[in-house]
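So the structure is just underneath, and the comments pick up after that.
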Protein chains: 2
Amino acid sequence: MTKPAPKTKHHHGNLRQALIEAGLSLLEEGGIEALSLRKCAARAGVSHAAPAHHFDGLPGLTKAIGEEGFRVFTAYLQGYIAEHTDPREKLRALCRGYLQFGLDHAGLLKVIFGAGLAAYVDDKRGDADAYQVLRACCAPFIPAGENSQIVEIQVWSLIHGFTLLYISGEFGAPPPAIPDGPFDQVMGLLDRVGTAPAP
Amino acid sequence: MTKPAPKTKHHHGNLRQALIEAGLSLLEEGGIEALSLRKCAARAGVSHAAPAHHFDGLPGLTKAIGEEGFRVFTAYLQGYIAEHTDPREKLRALCRGYLQFGLDHAGLLKVIFGAGLAAYVDDKRGDADAYQVLRACCAPFIPAGENSQIVEIQVWSLIHGFTLLYISGEFGAPPPAIPDGPFDQVMGLLDRVGTAPAP
DNA sequence: CGCGCAAAGTTGACAGCGTAAAGTTTAACT
DNA sequence: AGTTAAACTTTACGCTGTCAACTTTGCGCG
């Protein structure tokens with residue numbers, strides 16, 4: 001399948017990517033508990049010490065997996081907001097994509113936010129990463145002359161907290177498909193974002 | 001200090017509690033990474049297999065530590081809301097206590113929410129646990145005839161997400177004391193909780 | 001009163017983990 | 001063709017959780 005890197009292929013031919021994909025599949029199958037350096041190596045068909053030549057230990061491999069996962073995460077958000085034009089619906093769709101990513105890839109979400117998101121954000125890529133997508137969706141709701149970060153942090157905190165609590169079962173066993181009613185009700189708080197406070 | 005359990009003291013005299021407290025101190029010193037069954041045993045002065053007689057392995061010890069931590073967490077929330085009577089300020093104080101607990105005991109917070117909060121909630125204790133405190137603080141803002149859970153979930157999600165993102169450094173390195181301005185601005189979203197949607 | 005028995009704690013072993021050092025293969029480049 | 005460095009393997013070490021077997025302790029019951 002994916003072989004776009006003909007740089008060096010002494011023995012294996014594009015290990016590194018094979019290790020990352022092994023890690024991703026381990027993550028899907030057994031959650032974050034199941035992720036281990038040695039199992040990634042075994043699944044890629046190399047010895048347990050081979051990854052050391054491509055990553056800086058387990059933290060390095062985990063970071064690389066997180067970077068890959070962050071791209072998937074970004075694609076989720078972009079895919080969900082794509083079908084909407086109204087700013088409010090767009091913001092709501094962003095949150096739905098956030099939650100759905102958490103449901104589909106719970107282990108990956110923990111990897112991404114386990115090391116601090118800053119490790120994956122590449123400022124040079126412009127609006128191609130998840131935080132820039134959030135930023136763009138929040139922009140229409142920023143009151144004139146106010147700190148833009150406030151709204152972003154409000155939205156991010158709300159959906160991030162909801163997603164983590166939801167997938168860890170705090171609101172009851174989560175069905176794989178998001179029930180529209182309750183989700184929309186909770187996210188109704190977003191309708192107040194950026195508006196004047198109630199009297 | 002704490003010796004309220006003279007049940008059995010064959011050799012050690014209240015191991016179990018000693019193991020829990022060892023785990024708590026390990027958590028404070030080295031975060032969740034530093035918590036291990038063998039280190040707890042060593043710190044309590046017993047062999048590495050001793051904990052098996054008191055807990056069901058590491059998961060069992062972790063759960064017990066989480067229960068203890070949950071009591072501290074509850075005390076934080078109660079302490080912070082105690083000094084306020086206005087419902088809005090009470091709700092804000094609750095959130096401040098939540099965040100401050102996360103700052104003071106980051107490892108403990110991860111233990112508590114790592115296994116699902118439901119493991120620690122004891123319904124019989126009435127309003128003495130953290131969720132009941134949250135419930136009580138949300139009660140004044142529930143619109144007549146509406147599902148009370150919605151507001152609770154909104155508040156919980158917002159402060160939970162904010163706390164986790166804050167302590168993991170997503171908003172920049174967190175100072176140990178919460179800066180009032182930004183915190184109040186973000187929590188300003190709470191002022192819209194339970195009010196009619198904006199036109 | 002003393003005996004037994006179960007609870008509490010110790011010791012030793014095992015598999016799995018991450019990591020480091022040393023050795024071997026392989027490919028590329030002069 | 002020979003050298004050199006990267007890629008990979010092998011071996012080993014310390015740490016982890018868990019299990020089984022053994023020793024000690026002290027309570028309760030005949």
Side-chain angles (χ1 to χ4, degrees), chain A residues 2-27 29-66 107 110-111 114-115 119, chain B residues 2-27 29-66 107 110-111 114-115 119:
Chain A
T2 55
K3 281 199 177 182
K7 287 188 67 175
T8 59
K9 54 160 187 163
H10 298 267
H11 301 66
H12 178 279
N14 214 357
L15 194 63
R16 190 185 160 94
Q17 196 59 32
L19 288 168
I20 293 175
E21 277 161 19
L24 288 171
S25 69
L26 280 171
L27 231 33
E29 295 169 20
I32 200 166
E33 314 277 66
L35 182 65
S36 96
L37 219 165
R38 286 170 110 107
K39 274 191 276 193
C40 286
R43 196 165 281 217
V46 294
S47 84
H48 64 267
H53 293 269
H54 298 273
F55 305 100
D56 187 18
L58 178 64
L61 175 56
T62 303
K63 184 183 171 190
I65 293 172
K110 282 175 193 157
V111 168
Chain B
T2 55
K3 281 197 177 184
K7 285 191 63 175
T8 61
K9 53 161 187 162
H10 297 267
H11 299 68
H12 179 280
N14 215 356
L15 193 65
R16 187 188 160 95
Q17 196 59 31
L19 288 168
I20 293 175
E21 274 160 22
L24 287 171
S25 70
L26 280 171
L27 231 32
E29 295 170 20
I32 199 165
E33 314 277 67
L35 182 65
S36 96
L37 217 160
R38 285 170 109 107
K39 274 190 278 194
C40 286
R43 195 165 281 217
V46 294
S47 84
H48 63 268
H53 292 271
H54 297 274
F55 305 100
D56 187 19
L58 179 63
L61 175 56
T62 304
K63 184 184 170 189
I65 293 172
K110 283 174 193 157
V111 168

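Below, read A as the first sequence line, B as the second, and so on, with proteins coming before strands; counting in each chain starts at 1.
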Report the distance from atom CG of A:Leu61 to atom C1' of C:dT19, rounded to the nearest whole Å.
14 Å
Closest heavy-atom contact between B:Ser36 and B:Leu26?
O-CD1, 4.4 Å
At a cut-off of 3.5 Å, list every protein nitrogen or oxygen paired with a nitrogen or oxygen from nucleotides 4-6 of chain C, distance to 0.1 Å.
none

Would you work out how much the helix from C:dC1-D:dG30 to C:dT30-D:dA1 bends between its ends, with each end axis defined by five base pairs, to 10 degrees?
10°
Rounded to the nearest 0.5 Å, what separates atom CD1 in B:Ile65 from atom CD in B:Glu21?
10.5 Å
What is the separation between atom CZ on A:Arg43 and atom P on C:dC17, rounded to the nearest whole Å?
12 Å
Point-to-point distance, once rounded to the nearest 0.5 Å, from OG1 of B:Thr62 to CD1 of B:Ile32
8.0 Å
Let me know the distance between NE2 of B:His54 and C1' of D:dT18, rounded to the nearest Å.
17 Å
Here the distance between atom C1' of D:dC8 and atom CZ of A:Phe55, to the nearest Å, is 15 Å
Using a cut-off of less than 4.0 Å, is there contact between a side-chain N or O of B:Ser36 and OP1 or OP2 of D:dG17?
yes
Heavy-atom closest pair (B:Gly57 atom, B:Leu37 atom, distance to 0.1 Å) is C-CD1, 3.9 Å
A:Leu58 side-chain proximity, nearest of C:dG18, D:dT18, D:dT16
C:dG18
Check: B:Cys40 and B:Leu35 side chains under 4.5 Å, non-hydrogen atoms
yes
Determine the contact category for A:Pro59: base if any of its heavy atoms lies under 4.0 Å from a base atom, sugar-phosphate if only primed atoms, P, OP1 or OP2 are that close, otherwise nothing.
sugar-phosphate
Which pairs, protein N/O on one side and nucleotides 10-13 of chain C N/O on the other, fall under 3.5 Å?
unit_1, atom_1, unit_2, atom_2, d
C:dT10, OP2, B:Ser47, N, 2.5
C:dT10, OP2, B:Ser47, OG, 3.0
C:dG12, O6, B:His48, NE2, 2.9

If I take atom CG in residue B:Leu37 and atom P in nucleotide D:dT18, what distance separates them, rounded to the nearest angstrom?
6 Å
Can you check the A:Asn14 CG to D:dA7 P distance for me, whole Å?
12 Å
Separation between NE2 (B:His54) and CG (B:Asn14), nearest 0.5 Å, reads 8.5 Å
Quick check for you: to the nearest 0.5 Å, what is the distance between A:Lys63 atom NZ and A:Leu58 atom CG?
14.0 Å
Go through the structure and list residues passing salt bridge (charged side-chain N to carboxylate O under 4.0 Å, His left out) with A:Arg43, not counting sequence neighbours.
A:Glu29
Which of these nucleotides, D:dT16, D:dC8, C:dT19, is closest to any side-chain atom of B:Lys39?
D:dT16
What are the two closest heavy atoms between B:Pro51 and B:Ser47, and how far apart are they?
CD-O, 3.7 Å
side-chain contact (heavy atoms from CB on, under 4.5 Å) against A:Ala64, all qualifying residues, sequence neighbours excluded:
A:Arg16, A:Ile20, A:Phe55
In whole angstrom, give the distance that lies between atom CG of B:Leu15 and atom P of C:dA7.
16 Å
Tell me the salt bridge (Lys or Arg N to Asp or Glu O under 4.0 Å) pairs involving residues 51-62 of chain A, sequence neighbours left out?
none
Note: B:Leu15 and B:Ala50 closest approach over all heavy atoms is CD2-CB, 4.2 Å
Could you state the atom-to-atom distance from CD of A:Glu33 to C1' of C:dC17 in whole Å?
14 Å
